[in-house]
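Reading through the structure tokens given below for one structure.
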Amino acid sequence: MLSQLVTQEIVDSGIDLVRNTTVEKLIKEPDGTITVHMIRDGSKVSLSGYSHVLWAIGRVPNTEIGLQHVGVQLDAKKNVQVDEFQNTTASNIYALGDVAGKYLLTPVAIAAGRKLAHRLFGNQPDAKLDYANIATVVFSHPPIGTVGLTEEEAKAKYGAENVRVYETLSRSMYYAVTERKQPGAIKMVCLLPNEKILGLHLLGLGSDEMLQGFGVAIKMGATKADFDSTVAIHPTAAEEVVTLKNPRKE
């Protein structure tokens, strides 16, 4: 739901979004402009007339530095293999952060590093980072905030009959007086029978900020009843999260 809404918003904002393509090559034309040659749905297509091209295609860890000589193993994606305590496959060698290939986020690396330091030097032998329910944000326009399991992940793990979903379309009151209005949405994934919240997914202005607080509650095992018992702050976008009423009809 959220990806569909934000994709449509990108298109509605005037951006020409070309999907389902594989870029083959870039050609600099005699006039200095750039033509992008692609494959789309099996056919060759091209887009021309551009002054610049910005690549955002991911990255590969720079780990081919001879680690095999000290017994540190890599996975198929060149990430350093680690266990739950950030131990590599070699004694007294540790890895954390992006190079370990799990939650490529700066705060995650900081948190994992602190836990490792506490374990090695702070007399906390069981210290380790819990990678469950780490909140993440896509800084799109509008932003997406998400924590916990998606609906698909929850159903695969617990069975569709044990999952209940609440969702609603909403919009920040900021747009009440604007001509152009950005969409907003809330999706809450709960585990029956007590409706423990497995995932919360937000789209809209302020989603990035409000998710930090809700992320604490979900990390602590909050249920839908806990959210229902919380008095809403009005007028805010966040109040919609604690006033969800009816589950989605399957």
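Computation of the quantities below employed the complete heavy-atom set of this structure, encompassing side-chain atoms and omitting hydrogens, waters and symmetry-equivalent molecules.
A donor-acceptor pair is defined here as one N or O able to donate and one able to accept, closer than 3.5 Å; such a pair exists between the side chain of Asn162 and the backbone of Tyr158. Remark: the backbone N or O of Ser51 is not paired with any side-chain donor or acceptor of Thr33 at under 3.5 angstrom. Formation of a donor-acceptor pair under 3.5 Å by the Gln86 side chain with backbone atoms of Ala95 is found in this model. In this structure, the side chain of Glu153 engages the main chain of Thr150 through a donor-acceptor pair within 3.5 Å. For Arg119 (side chain) and Lys128 (main-chain N/O), no donor-acceptor pair under 3.5 Å exists by modelled atom type. Remark: the backbone N or O of Gly71 is paired with a side-chain donor or acceptor of Thr89 at under 3.5 angstrom.
In this structure, CG on Leu198 lies 7.0 Å from NZ on Lys196, to the nearest 0.5 angstrom. Here CG of Leu202 is found 10.0 Å from CG of Asp208. Values are rounded to the nearest 0.5 Å. Taken to the nearest 0.5 Å, the CD1 atom of Ile134 stands 8.0 Å off from the NZ atom of Lys102. Of the inter-residue distances, the one linking Ser172 atom OG with Glu240 atom CD reads 10.0 Å to the nearest 0.5 angstrom. Here Leu203 contributes atom CG and Ser170 contributes atom OG; the two are 8.0 Å apart, rounded to the nearest 0.5 Å. Taking CG from Leu129 and CD1 from Ile110, the interatomic distance works out to 11.5 Å, rounded to the nearest 0.5 Å.
Around CD of Glu209, the count of heavy atoms belonging to other residues, nucleotides or ligands within 6.0 Å does not exceed 12. Taking a 6.0 Å sphere around CZ of Arg248, one finds it holds more than 12 heavy atoms contributed by other residues, nucleotides or ligands. Counting heavy atoms of neighbouring residues, nucleotides and ligands inside a 6.0 Å radius, atom CD of Gln4 does not exceed 12 of them. Heavy atoms of other residues, nucleotides or ligands lying less than 6.0 angstrom from CG of Asn194 number more than 12. Other residues, nucleotides and ligands place no more than 12 heavy atoms under 6.0 Å from the CE atom of Met173. The neighbour count for Tyr103 OH, taken as heavy atoms of other residues, nucleotides or ligands under 6.0 Å away, is above 12.
Between Asn79 and Thr63 the shortest side-chain heavy-atom distance does not fall below 4.5 Å. Inter-residue side-chain proximity for Phe121 and Leu116 is flagged as unmet; no heavy-atom pair is nearer than 4.5 Å. Between Ile27 and Ile34 the shortest side-chain heavy-atom distance does not fall below 4.5 Å. No side-chain heavy atom of Thr22 sits under 4.5 Å from any side-chain heavy atom of Met38. Considering only heavy atoms from C-beta on, Asp41 comes within 4.5 Å of Asn20 through its side chain. Side-chain contact between Ile233 and Glu239: absent, with no pair of heavy atoms (C-beta onward) separated by less than 4.5 Å. In this structure the side chain of Leu17 reaches within 4.5 angstrom of the side chain of Thr7, judged on heavy atoms. The closest side-chain heavy-atom distance from Ile186 to Leu244 is below 4.5 Å.
Ion pairing between a basic and an acidic side chain is recognised when a charged N comes within 4.0 Å of a carboxylate O; Arg180 and Glu9 show such pairing. Between Lys245 and Asp228 there is no salt bridge, since no side-chain nitrogen of the basic residue lies less than 4.0 Å from a carboxylate oxygen of the acidic one. Between Lys155 and Glu151, at least one side-chain N (NZ, or NE/NH1/NH2) sits under 4.0 Å from a carboxylate O, which counts as a salt bridge.
Judged purely by distance below 3.5 Å, without hydrogens or angles, the side chains of Asp226 and Thr223 pair a donor atom with an acceptor atom.
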Stepwise, does the side chain to side chain contact (heavy atoms under 4.5 Å, CB included) test hold for Met188 with Arg164? CA-CA 8 Å; Met188 182 183 291; Arg164 179 173 292 163; over 6 Å; no

Is there a side chain to side chain contact (heavy atoms under 4.5 Å, CB included) between Val147 and Thr136? Walk through the geometry before answering. CA-CA 6 Å; Val147 61; Thr136 60; over 6 Å; no

What verdict does the side-chain hydrogen bond (donor to acceptor under 3.5 Å, both in side chains) test give for Ser46 and His37, after you've listed the backbone C-alpha separation in whole Å, the side-chain angles of each residue and the deciding distance to 0.1 Å? CA-CA 4 Å; Ser46 63; His37 293 268; 4.7 Å; no

For side chain to side chain contact (heavy atoms under 4.5 Å, CB included), just list the numbers for Val60 and Asn62, CA-CA rounded to whole Å, side-chain angles, deciding distance to a tenth of an Å, and then say yes or no. CA-CA 6 Å; Val60 177; Asn62 184 21; over 6 Å; no

Before you tell me yes or no, could you show the steps for Lys219 and Asp130 under side chain to side chain contact (heavy atoms under 4.5 Å, CB included), namely the whole-Å CA-CA distance, both residues' side-chain angles and the distance that decides it to 0.1 Å? CA-CA 10 Å; Lys219 189 76 174 178; Asp130 181 6; 3.2 Å; yes

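Contact record, Val72 with Ala90: CG2-CB, 3.8 Å, taken as the closest heavy-atom pair. Residue Gly148 comes nearest to Asn133 through the heavy atom pair CA-OD1, 3.3 Å, listed as atom of the first residue, atom of the second, then distance. In terms of heavy atoms, Val189 sits closest to Ala154 at CG1-CB, 3.6 Å. Annotation for Gly145 and Ser207: closest pair N-CB, 4.2 Å, computed over non-hydrogen atoms. In terms of heavy atoms, Ala127 sits closest to His118 at CB-CB, 4.2 Å. Of all heavy-atom pairs between Leu5 and Ala185, the closest is CD1-CB, 3.6 Å.
Screening Ile93, Leu96, Thr88 for a side-chain contact (heavy atoms from CB on, under 4.5 Å) involving Val80 leaves a single residue, Thr88.
Connection of Val36 to Ile57 is established within a shared hydrophobic cluster, with ILVMFWY side chains joined at heavy-atom distances below 4.5 Å, either directly or through further cluster members. The same ILVMFWY cluster, assembled from side-chain heavy atoms under 4.5 Å apart, contains both Leu149 and Leu191. Cluster annotation: Val241 and Ile197 are assigned to the same hydrophobic cluster (Ile/Leu/Val/Met/Phe/Trp/Tyr, side-chain heavy-atom contacts under 4.5 Å, transitive). Hydrophobic cluster membership is shared by Val53 and Val18, with clusters built from Ile, Leu, Val, Met, Phe, Trp and Tyr side chains linked at under 4.5 angstrom. Note on Ile144 and Leu211: separate hydrophobic clusters, where clusters join Ile, Leu, Val, Met, Phe, Trp and Tyr whose side-chain heavy atoms are under 4.5 Å apart, directly or indirectly.
Remark: Lys224 qualifies as a cation-pi partner of Tyr166 under the 6.0 Å distance and 45° angle criteria applied to the six-membered ring. A cation-pi arrangement, defined by a distance under 6.0 Å to the six-membered ring centre and an angle within 45 degrees of its axis, is absent between Lys181 and Tyr175.
Taking the six-membered ring wherever Trp is involved, the centroid distance between the rings of Phe227 and Phe214 falls below 6.0 Å.
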